[in-house]
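In this chain, residues are counted from 1 in sequence order.
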Amino acid sequence: MRVKWPIFVASVVVLAGSCWGMSAAWAVIQFRNEFVARYVKKDSKEPKDQAFARLVEEAKCNICHEGTDRKNRNAYGAALDRLLDRSKDARNPEKIQSALAEVESVKVDPKDPKSPTFGDRIKAGELPVPLPPKEEKK
């Protein structure tokens, strides 16, 4: 069988290019799904609940992570990381829910005694850690 080299080379280039743009899959979708199940009231008519749902949707992986590199966790993600193993616990909703409940009482800034807890922020309709300001496109 004769291989058509231009098609083969083009396929390899496209495949390599698509893999190059992928970030490491450190974020665990099951953790995010359990966060949504616990805190987001999708069917609520309350403006506060609807605003929080939009905020969570906008934040995506940045609920627990900083920037585009999923290895970088924010304070909330670091607190969860101490309790969960992404490979062992991803399929254990009870353990994820338990960890979410446990970190509710952790202060956003442990050095500040007046700092709110992650749970306080969530109850107020805010993300556990504020999102960094969006960079303006030039």
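- Residues meeting the side chain to side chain donor-acceptor pair (under 3.5 Å) test with Glu104, sequence neighbours left out: Arg38, Tyr39.
- Note that SG of Cys64 is 13.0 Å distant from CG of Asn72, once rounded to the nearest 0.5 Å.
- Here the CD-CG distance, from Glu34 to Leu80, works out to 12.0 Å after rounding to the nearest 0.5 Å.
- Considering CD of Gln97 and CZ of Phe31, their distance stands at 11.5 Å, rounded to 0.5 Å.
- Side-chain contact check for Ser44 and Asp49: at least one donor-acceptor pair (N or O, by modelled atom type) lies under 3.5 Å.
- Judged by distance alone, the side chain of Lys95 and the main-chain N or O of Leu84 form no donor-acceptor pair under 3.5 Å.
- Within 6.0 Å of the CG atom in Asp112, the count of heavy atoms belonging to other residues, nucleotides or ligands exceeds 12.
- Side chain of Arg121 to backbone of Pro128: a donor-acceptor contact under 3.5 angstrom is found.
- The shortest side-chain heavy-atom distance between Leu55 and Leu127 falls under the 4.5 Å cut-off.
- Side chain of Gln30 to main chain of Pro93: no donor-acceptor pair is present (N/O by atom type, distance under 3.5 Å, no hydrogens or angles).
- Here the straight-line distance linking atom NZ of Lys60 with atom CZ of Arg32 works out to 6.5 Å at 0.5 Å rounding.
- By the salt bridge (Lys or Arg N to Asp or Glu O under 4.0 Å) test, Asp85 is found to be paired with no residue, residues two or more places apart in sequence or in another chain being considered.
- Rounded to the nearest 0.5 angstrom, Glu57 CD and Ile63 CD1 are separated by 9.0 Å.
- Contact record, Lys48 with Lys123: NZ-O, 2.7 Å, taken as the closest heavy-atom pair.
- Ser115 places a side-chain N or O within donor-acceptor distance of the main-chain N or O of Asp109, the cut-off being under 3.5 Å.
- By the ring-ring contact (aromatic ring centres under 6.0 Å, His included) test, Phe118 pairs with Tyr76, sequence neighbours left out.
- Heavy-atom minimum distance, Asn74 versus Gly77: OD1-N, 2.8 Å.
- Annotation: side chain of Val56 is in contact with side chain of Val36 (closest heavy-atom distance under 4.5 Å).
- Nearest heavy atoms, Ser105 versus Thr117: O-CG2, 3.5 Å.
- In this structure, Asn92 contributes its side chain and Asp89 its backbone to no donor-acceptor pair below 3.5 Å.
- Looking at Arg70, its side chain does come within 3.5 Å of a backbone N or O of Gly67 through a donor-acceptor pair.
- Within the model, atoms CZ of Arg82 and CZ of Arg73 stand 10.5 Å from one another, a figure rounded to the nearest 0.5 Å.
- Side-chain N or O atoms of Lys41 include none that pairs as donor or acceptor with a backbone N or O of Glu46 at under 3.5 Å.
- For Glu102, the CD atom is loosely surrounded, since the number of other residues' heavy atoms within 6.0 Å does not exceed 12.
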